[in-house]
**Student:** 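Shown below is the structure under consideration.
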Amino acid sequence: MARTGKTTSASSAELRRTLLAWYRTHARDLPWRRTSDPYAIWVSEVMLQQTQVATVIPYFERWMRRFPTVTALARSRTDDVLHAWQGLGYYSRARGLLEGARMVERELGGRIPGDVATLRRLPGVGPYTAGAIASIAHGTRAAIVDGNVERVLCRLDGARGDPRKQPLKAELWRRAEALVPARGASTFNQALMELGAMVCTPKAPGCERCPWQGPCVARASSRQAELPEVAQRARPSALHTVAALVERRGHWLVKQVPAGALRWAGLWSFPHAEIAAREAPARALGRALGTPVTQVEHLRTLQHSITRFRITLDVYRCSPRARPDGRYVTPTQLQALAMPAAHRRIADDLTSVGRAPVPARAKTRSRP
DNA sequence: TACACGTGGAT
DNA sequence: TATCCAAGTGT
């Protein structure tokens with residue numbers, strides 16, 4: 001590994017020893033650390049992909065109650081699985097977990113594999129997750145490199161370059177592999193991530209509390225803030241959308257996002273469409289419904305953002321001229337559907353009050 | 001490789 | 001308020 005600092009590098013044995021000593025007294029008590037059930041570890045690792053620990057905890061606990069075993073999950077329906085995932089985002093993770101559970105039941109005798117190569121066959125299990133399940137659930141000597149490990153190792157070694165790209169990416173994996181002990185890979189890997197999460201944080205790292213402050217090249221050269229050299233992400237672009245609230249005899253109109261859709265596949269939402277800069281809302285609403293609307297009343301505006309869009313969502317109560325696309329459901333049924341977060345907010349509004357929310361302002365013009 | 005995927009917490 | 005970004009993976 002390229003080192004630019006003059007600090008003498010510590011041996012792997014010394015790094016392990018000091019890290020594990022630190023971890024013994026600083027490990028957080030997390031739900032998935034109270035079990036060695038490979039299924040639970042698998043669920044937690046998938047939930048934790050790009051998602052903060054605090055967000056995951058309640059989802060994990062609910063999930064384990066609802067789908068306690070891989071067998072239980074394998075026998076569940078996509079709708080229920082997505083509902084349990086509702087609000088967590090990256091919904092392909094939930095579908096992958098379900099597919100993977102069925103694969104485990106069908107092809108792997110109901111047992112979650114302990115080796116990286118077999119784990120990689122499961123949908124949604126990439127290099128990180130395979131290493132995590134292998135090591136944490138089975139004690140297999142497997143390396144992991146996640147965002148935490150990446151940051152810790154880049155700083156430790158003073159590594160230049162983008163850790164998400166070659167060649168540094170491969171170098172970090174080799175470094176992690178050299179560091180994992182033959183025995184105790186589970187604890188070691190968790191300790192390494194914990195260090196990144198609790199001490200070697202992206203901003204304002206707690207170097208004075210760090211067990212690796214001695215050998216750390218970044219600290220020695222005061223470059224903690226510059227490392228790792230992650231590429232800055234693209235600015236999210238603005239997007240304006242409208243959603244149609246259509247009520248008929250106490251039922252609300254919803255649509256299911258097609259299974260093959262890129263986003264929100266299989267989830268339910270209120271009919272919605274993108275609206276152009278100077279386009280009349282009624283026109284966009286007509287597009288969302290598949291039929292022109294005769295009356296339009298603005299109810300509220302929501303802001304949300306997804307991956308690369310910052311979305312303004314204007315919600316309108318409206319009346320379609322003809323039979324619109326979609327399905328009418330009762331408020332109770334609405335509760336049971338898996339919806340994207342923004343639409344879930346609208347639905348909860350509807351069901352908690354028992355009626356449509358109060359209009360934000362006076363009625364907007366109606367456009368036949 | 002470069003994007004695309006969701007959401008909410010933290011600063 | 002704006003931006004960053006969190007136990008990544010799939011295409």
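Note on naming: letters A, B, ... go to the chains in the order of the sequence lines (proteins, then strands), and numbering restarts at 1 for each one. The shown structure was predicted, so the numbers you read here are calculated from the model rather than taken from an experiment. Computed over heavy atoms, backbone and side chain alike; hydrogens, waters and symmetry mates excluded.
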**Student:** How would you list, by chain and number, every residue that makes a side-chain hydrogen bond (donor to acceptor under 3.5 Å, both in side chains) with A:T241, sequence neighbours excluded?
**Tutor:** none
**Student:** Using the C1' atom on both, measure B:dG8 against C:dT1 and round to a whole Å.
**Tutor:** 16 Å
**Student:** Mind calculating the distance between CH2 (A:W85) and P (B:dG8) to the nearest angstrom?
**Tutor:** 14 Å
**Student:** Please report the distance, rounded to the nearest Å, between CD in A:E150 and P in C:dC5.
**Tutor:** 11 Å
**Student:** Can a side-chain donor-acceptor contact be found between A:R263 and A:T307 if the only test is distance below 3.5 angstrom?
**Tutor:** no
**Student:** Using whole Å, what does the distance between atom C1' of nucleotide C:dC5 and atom CG of A:D162 come to?
**Tutor:** 15 Å
**Student:** Taking A:D348 first and then A:R344, would you say they form a salt bridge - that is, a charged N and a carboxylate O separated by under 4.0 Å?
**Tutor:** yes
**Student:** Grab the CZ-P distance between A:F309 and B:dA4 for me, whole Å please.
**Tutor:** 7 Å
**Student:** With a cut-off of less than 4.0 Å, is there a side-chain N or O of A:W264 near OP1 or OP2 of B:dA4?
**Tutor:** no
**Student:** When the P atoms of B:dT11 and C:dA7 are considered, how many whole Å apart are they?
**Tutor:** 13 Å
**Student:** Look at the side-chain heavy atoms of Ile, Leu, Val, Met, Phe, Trp and Tyr, link any pair under 4.5 Å apart, and say whether A:V53 and A:V199 land in one connected group.
**Tutor:** no
**Student:** Quick one: A:I311 CD1 to B:dG8 C1', roughly how many Å, whole number?
**Tutor:** 15 Å
**Student:** Which part of the nucleic acid, if any, lies within reach of A:Q166 when heavy atoms closer than 4.0 Å are counted: base, sugar-phosphate only, or nothing?
**Tutor:** sugar-phosphate
**Student:** For atom CZ of A:R66, decide whether the heavy atoms of other residues, nucleotides or ligands shown that lie under 6.0 angstrom number more than 12.
**Tutor:** yes
**Student:** Relative to the 5' end of DNA chain B, which residue comes earlier, A:K169 or A:L88, by the nucleotide with the nearest heavy atom?
**Tutor:** A:K169
**Student:** Starting at NZ of A:K165 and ending at C1' of B:dA2, how long is that distance when rounded to a whole Å?
**Tutor:** 9 Å
**Student:** Side chain of A:R308 only, please: which of B:dA4, B:dT7, C:dC4 is the nearest?
**Tutor:** B:dA4
**Student:** What residues, two or more places apart in sequence or in another chain, satisfy ring-ring contact (aromatic ring centres under 6.0 Å, His included) together with A:W173?
**Tutor:** none
**Student:** Summarise how protein sits on nucleotides 6-11 of chain C as a single string, 5' to 3': B when a protein heavy atom is under 4.0 Å from the base, S for sugar-phosphate-only contact, - for no contact.
**Tutor:** BBBSS-
**Student:** To the nearest angstrom, how far is A:R344 atom CZ from B:dG6 atom C1'?
**Tutor:** 16 Å
**Student:** Would you indicate whether A:R111, at its atom CZ, is surrounded by more than 12 heavy atoms from other residues, nucleotides or ligands within a distance under 6.0 Å?
**Tutor:** no
**Student:** In whole Å, what is the span from the CG atom of A:L262 to the P atom of B:dA4?
**Tutor:** 9 Å
